[in-house]
There are 2 protein chains.
Amino acid sequence: MPGKREQNREHNRLALIEAVLESVAEKGISETSVSEIIQRAGLSRGMIHLHFGGKDNLVHAAARHSSEEYYDGIEALLQTAGDTPQARIEMIVRGDLSERVLNRRNVSIWYAFRGEARNRTVIAEYSDTRDGRLRNMIHNAFLRVVKEAGCADGAAVARDATHGTLAMLEGMWTDYLLHPDRFDREEAMRIVFRFLAAMFPAHFALTGAIEAKEGRARAAAPT
Amino acid sequence: MPGKREQNREHNRLALIEAVLESVAEKGISETSVSEIIQRAGLSRGMIHLHFGGKDNLVHAAARHSSEEYYDGIEALLQTAGDTPQARIEMIVRGDLSERVLNRRNVSIWYAFRGEARNRTVIAEYSDTRDGRLRNMIHNAFLRVVKEAGCADGAAVARDATHGTLAMLEGMWTDYLLHPDRFDREEAMRIVFRFLAAMFPAHFALTGAIEAKEGRARAAAPT
DNA sequence: GATTTCGATGGACGATTGTCCATTTTTTAT
DNA sequence: ATAAAAAATGGACAATCGTCCATCGAAATC
């Protein structure tokens, strides 16, 4: 059975990365030690040095892995979206706030790494990559929107709308981090779209606003 | 010289807290050890146990201190603001994005603690305090705005505007964290006000938009 | 089936972690 | 000046950290 060696090797490599993410999500970075990692991965102490040359490299690989996972998810979602720019923007917003992407595990991991970003250049780059790719997708969509709307100074409007939308999404993630229990996805989406509808009335409607009447948001929050 | 004892005691207590913040800002939480702290404070090893009973309590006290400092800054600023709701909102936005509040040190500290928030309930509460107090100030202002504007369903609009504005400010902080060099305060403010102007045209004007023509934002960014 | 190859093991290692307390130093009270 | 009180010191301590390597076992090659 040739190739089994390399196949196993890759499998273990991935097991280490996922053990790191699991531990970071559950216990935080400061409690993610070598002992903790190898225990979760069910492997031996020396594996980290063998596969990654040290703990730091492993953590960086895990950060990269998590970042790529996020981006791939968004991109996959985008391919199922319609072709109008507003459909694409809507899809990104809904995707970024969906259970699949915005959940306790991912938020824990994301903010844990962010907390170290200032002091670990390598990690900051992955957050960066994400923003860069996502930013382009949204920016292109907004450019088409302002062109259709015929705004004066459309380029500036598109740029600001991109920046503002991304900033608001970031803020929603922070909300989730600090209040995972009372966070309400529908409410978060409605707010983003309320701002977009105010800015581009012809392109974004406040579809969800009426059915999600006053108060429903909090009442429906899980315990 | 009576009272000198207690005075000195309090001074050292504060020195420890500020040593923690300094270290967290500069080296990150994971490298903020007891040795690092006492070296920066110029005190002896036992002081941490004496004053706080352990390193964890000291770190928590530092988180609380930083949080209170932030809030006090915003509140002080607000007292110099005019009395119209839009003036108060503008003051909060400008304050939150001002050099005095949004700078490398504070951003590093804030996100470092956030990274541990999920696993340290005590720390999450301080991030919370900030949001809670700030949220009320903005919410009250928006309530007055929608009343003047006579919006239908004004309460919901005010709540969403509050949530959205805070989320966008959070996002701007993240921007600063990841790109402290190319971050542009004027651009950040303009974007927030562009959204607010779209939502409440009668109350918020895009004053800075024209003078800050295309491209100026990036060109003026510090090296 | 014998030999080679290489991923996997787990304990040894020095360094560093946070806690704690016997001791010293300084202020306060007598 | 002396005694009492309290704050500050800094080293001892066990526990844990991440790294590394001599050894082993299974897969690949002959």
Side-chain angles (χ1 to χ4, degrees), chain A residues 1-24 26-63 112-113 115-116 119-120 122-123, chain B residues 1-24 26-63 112-113 115-116 119-120 122-123:
Chain A
M1 200 182 282
K4 187 178 179 186
R5 185 116 85 182
E6 195 184 351
Q7 180 181 345
N8 226 282
R9 182 186 161 88
E10 200 57 30
H11 176 272
N12 285 341
R13 211 189 104 98
L14 236 152
L16 283 175
I17 287 182
E18 271 169 14
V20 170
L21 294 178
E22 205 178 300
S23 170
V24 166
E26 206 170 304
K27 302 233 184 159
I29 274 202
S30 61
E31 299 207 31
T32 297
S33 62
V34 168
S35 306
E36 181 75 32
I37 296 167
I38 57 113
Q39 191 183 337
R40 282 176 190 268
L43 296 173
S44 63
R45 207 162 195 70
M47 289 294 270
I48 291 175
H49 180 255
L50 209 181
H51 281 284
F52 298 92
K55 189 199 169 194
D56 277 9
N57 289 337
L58 167 55
V59 171
H60 294 163
F113 283 137
E116 296 264 299
N119 312 101
R120 305 235 213 166
V122 203
I123 288 181
Chain B
M1 203 181 281
K4 188 177 178 186
R5 183 115 87 184
E6 197 185 348
Q7 180 181 343
N8 225 283
R9 183 185 163 86
E10 199 56 29
H11 176 271
N12 284 340
R13 214 189 102 98
L14 235 152
L16 284 174
I17 286 183
E18 272 170 13
V20 170
L21 294 178
E22 206 178 299
S23 170
V24 166
E26 206 170 305
K27 303 236 185 156
I29 274 202
S30 61
E31 299 208 32
T32 297
S33 61
V34 168
S35 306
E36 182 76 31
I37 296 167
I38 57 114
Q39 191 184 337
R40 282 175 190 267
L43 295 173
S44 63
R45 207 162 194 72
M47 290 294 271
I48 291 176
H49 180 255
L50 209 180
H51 281 284
F52 298 93
K55 189 200 169 193
D56 276 9
N57 289 337
L58 167 55
V59 171
H60 293 162
F113 283 137
E116 295 264 297
N119 310 101
R120 306 234 213 169
V122 204
I123 288 181

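A note on names: the letters A, B, ... follow the listed sequences, proteins ahead of strands, and every chain is numbered from 1.
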*Asks:* Does the side chain of B/Asn12 get closer than 4.0 angstrom to OP1 or OP2 of D/dA8 through an N or O atom?
*Replies:*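 Affirmative; the distance criterion is met.
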*Asks:* Return the residues of residues 45-55 of chain A meeting this criterion: a heavy atom under 4.0 Å from some atom of DNA chain D. Order them by number, or give none.
*Replies:* A/Arg45, A/Gly46, A/His49, A/Gly54, A/Lys55
*Asks:* My understanding is that only residues two or more places apart in sequence, or in another chain, count here; which of them pass salt bridge (charged side-chain N to carboxylate O under 4.0 Å, His left out) with B/Arg40?
*Replies:* B/Glu22, B/Glu26, B/Glu36
*Asks:* Would you mind classifying the nucleic acid contact of A/Asp56 as base, sugar-phosphate or nothing, using non-hydrogen atoms under 4.0 angstrom?
*Replies:*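 Touches nothing.
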*Asks:* Under the criterion side chain to side chain contact (heavy atoms under 4.5 Å, CB included), I'd like the reasoning laid out for A/His51 against A/Arg9: C-alpha separation, chi angles, the key distance, then a yes or no.
*Replies:* CA-CA 9 Å; A/His51 281 284; A/Arg9 182 186 161 88; 3.5 Å; yes
*Asks:* Between A/Asn119 and B/Glu31, does a side chain to side chain contact (heavy atoms under 4.5 Å, CB included) hold up when you go through it step by step?
*Replies:* CA-CA 10 Å; A/Asn119 312 101; B/Glu31 299 208 32; 6.0 Å; no
*Asks:* Please state how far atom NE2 in A/His11 lies from atom P in D/dA27, giving the value in whole angstrom units.
*Replies:* 15 Å
*Asks:* Nearest whole Å is fine: how far is C/dT17 P from A/Glu36 CD?
*Replies:* 20 Å
*Asks:* Quick check: are there more than 12 heavy atoms from other residues, nucleotides or ligands sitting under 6.0 Å from NZ of B/Lys27?
*Replies:* no
*Asks:* Using C1' atoms of five pairs at each end, report the bend of the helix from C/dG1-D/dC30 to C/dT26-D/dA5 rounded to 10 degrees.
*Replies:* 10°
*Asks:* Is there side-chain contact between A/Val24 and A/Val20, with heavy atoms separated by less than 4.5 Å?
*Replies:*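 The answer is yes, as the side chains (C-beta and beyond) meet within the 4.5 Å cut-off.
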*Asks:* For the side chain of A/Arg5, starting at C-beta, report the closest nucleotide among C/dA8, D/dG10, C/dG7.
*Replies:*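 Of the options given, the side chain of A/Arg5 lies nearest C/dG7.
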*Asks:* Would A/Arg13 and A/Phe52 count as a side chain to side chain contact (heavy atoms under 4.5 Å, CB included) here? Give the steps.
*Replies:* CA-CA 9 Å; A/Arg13 211 189 104 98; A/Phe52 298 92; 3.5 Å; yes
*Asks:* Nearest whole Å is fine: how far is D/dA6 P from B/Glu10 CD?
*Replies:* 17 Å
*Asks:* Checking side chain to side chain contact (heavy atoms under 4.5 Å, CB included) for the pair B/His60/B/Arg120: CA distance, chi angles, key distance, verdict?
*Replies:* CA-CA 9 Å; B/His60 293 162; B/Arg120 306 234 213 169; 3.6 Å; yes
*Asks:* Distance check needed: D/dG18 P versus A/Gln39 CD, whole Å only.
*Replies:*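 Taking CD of A/Gln39 and P of D/dG18, I get 13 Å after rounding.
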*Asks:* Round to the nearest Å and state the distance from B/Gln7 atom CD to C/dT27 atom P.
*Replies:* 12 Å
*Asks:* Quickly work out the A/Asn8 CG to D/dG25 P distance and round it to whole Å.
*Replies:*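 Rounded to whole Å, this separation is 17 Å.
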*Asks:* Walk me through whether A/Ser30 and B/Glu116 qualify under side-chain hydrogen bond (donor to acceptor under 3.5 Å, both in side chains).
*Replies:* CA-CA 8 Å; A/Ser30 61; B/Glu116 295 264 297; 3.3 Å; yes
*Asks:* Given atom CD1 of B/Ile38 and atom P of C/dT17, what is their separation to the nearest angstrom?
*Replies:* 10 Å
*Asks:* Counting N and O atoms only, with roles assigned by atom type, does the side chain of B/Ser23 sit under 3.5 Å from a partner on the main chain of B/Ala19, one being a donor and the other an acceptor?
*Replies:* no
*Asks:* For A/Gly42 and for B/Ser35, locate the closest nucleotide of DNA chain C by heavy-atom distance; then report the residue assigned to the nucleotide nearer the 5' terminus.
*Replies:*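 The answer here is A/Gly42.
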*Asks:* Can you check whether B/Ser44 has a side-chain N or O nearer than 4.0 Å to OP1 or OP2 of D/dA8?
*Replies:*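 No, outside the criterion.
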*Asks:* Could you tell me the separation between the CG atom of A/Leu43 and the C1' atom of D/dC24, rounded to a whole number of Å?
*Replies:* 16 Å
